[in-house]
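Down below is the structure, laid out as structure tokens.
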Amino acid sequence: MGLVARTLERVKPSPTMAITNKARELKAAGFDVIGLGAGEPDFDTPDNIKQAAIEAIKAGHTKYTAVDGIPELKRAISEKFERENGLAYKPSEITVGAGGKQVLYNALLATLDPGDEAIIPSPYWVSYPDIVLLAGAEPVIVETKVEDGFKLKPEGLAKAITPRTKWFIFNSPSNPTGAAYTRDEIKSLTDVLLKHERVWVLSDDIYEHLVYDGFKFTTPAQVEPRLKDRTLTLNGVSKAYSMTGWRIGYGGGPEPLIKAIATLQSQSTSNPSSISQWAAVEALQGPQGFLKEWVKSFQERRDLVVSMLNQAKGIHCPKPEGAFYVYPSCAGTIGKSTREGKKIGNDEDFATLLLEEEGVAVVHGAAFGLSPFFRISYATGIEALEEACRRIQRFCANLA
């Protein structure tokens, strides 16, 4: 009898965290490394939000709270859903967790049984399939195509649904591609889902506010209200408010699902940080003007990275609609060799050799379920991005 449970044999450590940790180790060892692996804004948390946390500490809000969120935060979330998404959720239909990942984890662990299936379009955020596997269920991966903008087509969704399908996991704007679905594109998917009453929808909207070129964000329960009673609309403060370390995510959904999530959370972490919850109240209710400047900055970075990568030999980089990632193809480098004679056989080789030879850390596409691509996070300073792209151009130019 081994120490580690057999369940963990079904999953692997997060590849994005692995590349980030490797880049940090190389930096600590004195190497000049530019890390483009982490999905984390480089902006500081706004001062009014930090001050709200300080005031919460001074006021003594440092004790246990309700398992799935203080009433004040649930009210702020409810108002946010109504104001920004046209969705009406009562406090009893809202859950708050220690980050969006915990809300996602709780929802899937609370609802999936062995033999159940969850449909996940690829490329996907690395944690989706592994959490499904941890629940004892099976991820059903449906590949998207670069020529379709990495967006799932309705016929692909319809074909993937079986009598065992429990969830459809949807992410727009997407990690890792930055692809964002228009209202019409979402409607084409919800039309399919309306025909399958047993299939639930988990809509991960964490990058909602990070969209460019006038793109209009919508979410499935907003586009098709008849799906609201079997949809969990997931969001959080990590990306839009640069609060990754504060660990506050939330979701709105039917009360029976929210109760099940609370039951699971009560026996795992219990409540999220009380101080972070009060900071999140301020994030959702306080001034939102800074977002416009942040989005403008991200869009400028996106345009720079797309332009420079498309000047690298063997690289093709589509222009995404949102988030802070690009997902370029490195197909044109496969089969080539570096100056040291090391051959690039796949996108993982590309990422490994790029880090070793030029000190640029990216995440290989296989980690997200679609090759031969790699992901770059442009949530870092413009000078670092320019230098990283120059190094990528040089790396590709030197391939034989």
Side-chain angles (χ1 to χ4, degrees), residues 15-44 175-178 207 210 212-213 239 242 244 293-320 322-334 336-340 342 344 346-365 367-368 372-400:
T16 53
M17 293 307 298
I19 194 68
T20 300
N21 290 337
K22 185 173 183 179
R24 286 173 179 164
E25 290 171 3
L26 288 171
K27 275 187 177 181
F31 290 94
D32 179 17
V33 175
I34 302 175
L36 303 179
E40 180 174 52
D42 61 320
F43 300 112
D44 194 12
N175 175 4
T177 66
Y207 296 98
L210 305 181
Y212 314 116
D213 303 318
K239 311 299 183 179
S242 198
T244 52
E293 288 303 311
W294 286 12
V295 168
K296 180 182 178 183
S297 178
F298 279 136
Q299 181 170 325
E300 290 172 352
R301 299 177 193 186
R302 177 204 63 174
D303 293 345
L304 169 78
V305 171
V306 169
S307 174
M308 292 189 72
L309 288 179
N310 279 324
Q311 296 173 51
K313 292 182 179 179
I315 303 296
H316 170 66
C317 184
K319 181 185 285 189
F324 39 66
Y325 309 106
V326 291
Y327 200 64
S329 167
C330 58
T333 70
I334 305 300
K336 296 184 178 181
S337 299
T338 67
R339 286 171 296 183
E340 286 71 27
K342 296 179 179 179
I344 299 176
N346 52 42
D347 49 49
E348 185 170 6
D349 291 341
F350 176 89
T352 299
L353 294 171
L354 177 63
L355 179 57
E356 290 178 357
E357 299 207 0
E358 293 288 353
V360 178
V362 301
V363 187
H364 59 285
F368 306 101
F373 298 88
F374 61 101
R375 190 193 77 172
I376 281 180
S377 168
Y378 53 84
T380 192
I382 198 82
E383 291 183 1
L385 288 171
E386 284 182 321
E387 175 60 21
C389 288
R390 281 194 291 267
R391 294 184 188 185
I392 293 172
Q393 288 175 348
R394 183 169 63 213
F395 176 76
C396 293
N398 288 330
L399 295 176

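Quantities reported herein were computed from a predicted structural model and do not represent experimental measurements.
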Pairwise distance CG(L399) to OG(S337) - rounded to 0.5 angstrom: 8.0 Å

Donor-acceptor contact present, side-chain Y212 to main-chain P320, <3.5 Å: no

T177 vs F368 side-chain heavy atoms within contact, under 4.5 Å: no

Closest contact, heavy atoms only, G178 versus A323: CA-CB, 4.1 Å

Check: I315 and C330 side chains under 4.5 Å, non-hydrogen atoms: yes

Heavy-atom pair with the smallest gap, counting every atom of K313 and T333: O-CG2, 4.0 Å

Closest contact, heavy atoms only, V326 versus C317: CB-SG, 3.7 Å

Beyond-backbone contact of F324 with S297, side-chain heavy atoms, under 4.5 angstrom: no

Summary of side chain to side chain donor-acceptor pair (under 3.5 Å) pairs that have at least one residue in residues 372-384, sequence neighbours excluded: N175-R375

Nearest atoms (heavy-atom pairs only) where A384 meets I34: O-CD1, 3.7 Å

Expected output: side-chain E357 to main-chain F395 donor-acceptor under 3.5 Å: no

Q299 side chain near D213 side chain, heavy-atom distance below 4.5 Å: yes

Working for salt bridge (Lys or Arg N to Asp or Glu O under 4.0 Å), residues K342 and E356: CA-CA 11 Å; K342 296 179 179 179; E356 290 178 357; 3.5 Å; yes

Distance, nearest 0.5 Å, that separates OG1 of T338 from CD of E358: 10.5 Å

CG on L354 to CG on L36, rounded to 0.5 Å: 8.5 Å

pair W294-L210: side-chain heavy atoms closer than 4.5 Å: no

Close side-chain approach of E387 and D32, heavy atoms under 4.5 Å: no

Nearest-0.5 Å distance that lies between atom CD in Q393 and atom CD in Q311: 5.5 Å

Side-chain heavy-atom pair I334, D349 within 4.5 angstrom cut-off: no

Any D303 side-chain heavy atom under 4.5 Å of K319 side chain: yes

Minimum heavy-atom distance between D347 and P372, given as atom pair plus value: OD2-CA, 3.2 Å

E40 side chain vs A379 backbone, donor-acceptor pair below 3.5 Å: no

Shortest non-hydrogen contact between H364 and E348, atoms and distance: CB-CA, 3.6 Å

F43 CZ: over 12 foreign heavy atoms closer than 6.0 Å: yes

All side chain to side chain donor-acceptor pair (under 3.5 Å) counterparts of Y325, not counting sequence neighbours: Y207

Check: R339 side chain, N398 main-chain N or O, donor-acceptor pair, under 3.5 Å: no

Distance, nearest 0.5 Å, that separates CG of L304 from CG of L309: 8.5 Å

